[in-house]
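Quick note on labels: first sequence line is chain A, next is B, and so on, each numbered from 1. Owing to the predicted nature of the structure, the values given are computational and were not obtained by experimental measurement.
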2 protein chains.
Amino acid sequence: MTSSPATGAVLSPAEMSERTGVSIDTLRYYERERLLQNVARAESGHRRYSEDDVLWVEVLRCLRETGMTIEQLRHYCELGAQGDHTEPERYRMLMTHRALVEDQIAERTQALQLIDHKLGFYAAAAATETPS
Amino acid sequence: MTSSPATGAVLSPAEMSERTGVSIDTLRYYERERLLQNVARAESGHRRYSEDDVLWVEVLRCLRETGMTIEQLRHYCELGAQGDHTEPERYRMLMTHRALVEDQIAERTQALQLIDHKLGFYAAAAATETPS
DNA sequence: GAACAACCTGGAGCGCACTTCAGGTCAAGG
DNA sequence: CCTTGACCTGAAGTGCGCTCCAGGTTGTTC
């Protein structure tokens with residue numbers, strides 16, 4: 001009985017890129033930056049990504065797209081690699097980032113209002129310049 | 001009776017930076033990139049920003065912070081300078097950007113869910129490792 | 001066994017939005 | 001007058017997050 005010898009499906013770089021929407025070059029870049037650790041290799045030396053890797057890359061993208069820097073992500077990964085005793089700090093990191101994301105939502109909600117205001121202005125102008 | 005000979009208050013670069021939260025260098029950069037046009041000058045050649053400039057810079061920041069590029073902003077400005085007949089296109093630009101901002105909000109709302117999920121995981125782990 | 005695609009590595013290059021620099025001008029205070 | 005600080009210009013530099021390149025290996029297909 002194997003404990004968890006890597007999740008069933010195993011993906012080539014091209015498949016991984018397809019699945020995650022992240023380019024092959026970026027996947028390698030993340031690995032160089034240690035955001036993606038212990039990626040399996042075929043005997044040929046070619047990478048074989050697991051389903052767990054897919055999930056993790058999705059987390060990475062989620063955090064990146066909301067503004068977490070590569071350096072912060074690396075720190076978060078390194079904490080994870082250091083073991084369970086770093087959980088409190090990882091928790092704090094996520095809480096901090098959570099607040100940032102909420103700020104972004106608030107900022108964008110305000111932006112929508114400003115945009116709608118300007119859109120309303122254009123609509124009014126259009127109505128005025130062709131009165132009938 | 002003057003029609004609108006520039007808004008009352010007039011601000012030095014330092015004051016403008018203070019008011020808008022945009023650095024003096026960035027203000028000059030925006031002007032070079034033609035995002036900010038017809039900035040008044042004192043006889044000395046020093047810039048004098050109007051209240052209208054303040055409002056416009058606030059719009060610029062709002063659009064920039066939500067991901068509109070400098071190039072797009074320049075295009076938007078150029079349309080404005082070209083006269084009223086470009087309003088339909090400016091309207092379309094804003095509508096397009098509006099959709100983008102809504103996507104960002106949706107994306108970030110999803111991100112919050114993922115973050116909360118992970119936060120929940122850490123909370124559960126903390127509860128388990130110290131059962132009492 | 002030859003060609004071709006997919007992969008490997010280390011390192012250089014790129015695009016964007018600023019930011020800094022060098023070298024000078026202007027205006028007020030002592 | 002002389003200094004000091006805020007301002008001016010054109011141009012070069014920076015930091016980030018990728019993205020691309022050169023030169024080489026692997027492995028499938030005809």
Hey, mind stepping through A:E15 and A:R19 against salt bridge (Lys or Arg N to Asp or Glu O under 4.0 Å) and telling me if it holds? CA-CA 6 Å; A:E15 287 160 344; A:R19 272 288 290 280; over 6 Å; no
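- Side-chain atoms of A:R92 and B:Y122 include no donor-acceptor pair closer than 3.5 Å.
- Although no hydrogens or angles enter the test, the distance criterion places a donor-acceptor pair under 3.5 Å between the side chain of A:R64 and the main chain of A:M68.
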Convert the base pairs of DNA chain D into dot-bracket notation, remembering that pairs crossing earlier ones are written with [ ] and that bases paired across to another strand are shown as |; include only Watson-Crick or G-U pairs under 3.5 Å. ||||||||||||||||||||||||||||||
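- In this structure, the CD atom of B:E31 is 17 Å from the C1' atom of C:dA17, given to the nearest Å.
- One side chain, A:T66 or A:H97, offers a donor N or O that lies under 3.5 Å from an acceptor on the other.
- Residues from residues 69-76 of chain A placing a heavy atom under 4.0 Å of any atom in DNA chain D, listed by number, are A:T69, A:I70.
- Although no hydrogens or angles enter the test, the distance criterion places a donor-acceptor pair under 3.5 Å between the side chain of A:R108 and the main chain of B:E65.
- Closest to the side chain of B:A14, from the set D:dC7, C:dC18, C:dC7, is D:dC7.
- Comparing B:E15 and A:M68, the nucleotide of DNA chain D nearest to each residue sits closer to the 5' end for B:E15.
- Considering only side-chain N and O atoms, A:T26 lies nowhere under 4.0 angstrom from the phosphate OP1 or OP2 of D:dG17.
- With hydrogens and angles ignored, the 3.5 Å screen pairs no side-chain donor or acceptor of A:W56 with any backbone N or O of A:E51.
- Counting to the nearest Å, the C1' atom of D:dC20 and the CG atom of A:L27 are 16 Å from each other.
- Within 4.0 Å (heavy atoms only), B:R32 reaches at least one base atom of the nucleic acid.
- Among the protein residues, A:R48 comes within range of no part of the nucleic acid, since none of its heavy atoms lies under 4.0 Å from any strand.
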List every contact pair, protein side and nucleotides 27-30 of chain C side both N or O, where the distance is under 3.5 Å.
none

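- As rounded to whole Å, 10 Å separates atom P of C:dA17 from atom CG of B:L35.
- Nucleic acid contact for A:R28: base, since at least one base atom lies under 4.0 Å from a heavy atom of the residue.
- A donor atom on one side chain and an acceptor atom on the other are not found under 3.5 Å apart for A:T86 and A:E89.
- Among the atoms of the strands shown, only primed sugar atoms or phosphate atoms (P, OP1, OP2) are found under 4.0 Å from some heavy atom of A:R64.
- The distance between atom OH of B:Y29 and atom P of D:dG10, rounded to the nearest whole Å, is 16 Å.
- The B:I24 side chain lies nearest to D:dC7 when the options are D:dG17, D:dC7, C:dC18.
- Picking from D:dC8, C:dC8, C:dC18 the nucleotide with the shortest atom distance to the side chain of A:P13 gives C:dC8.
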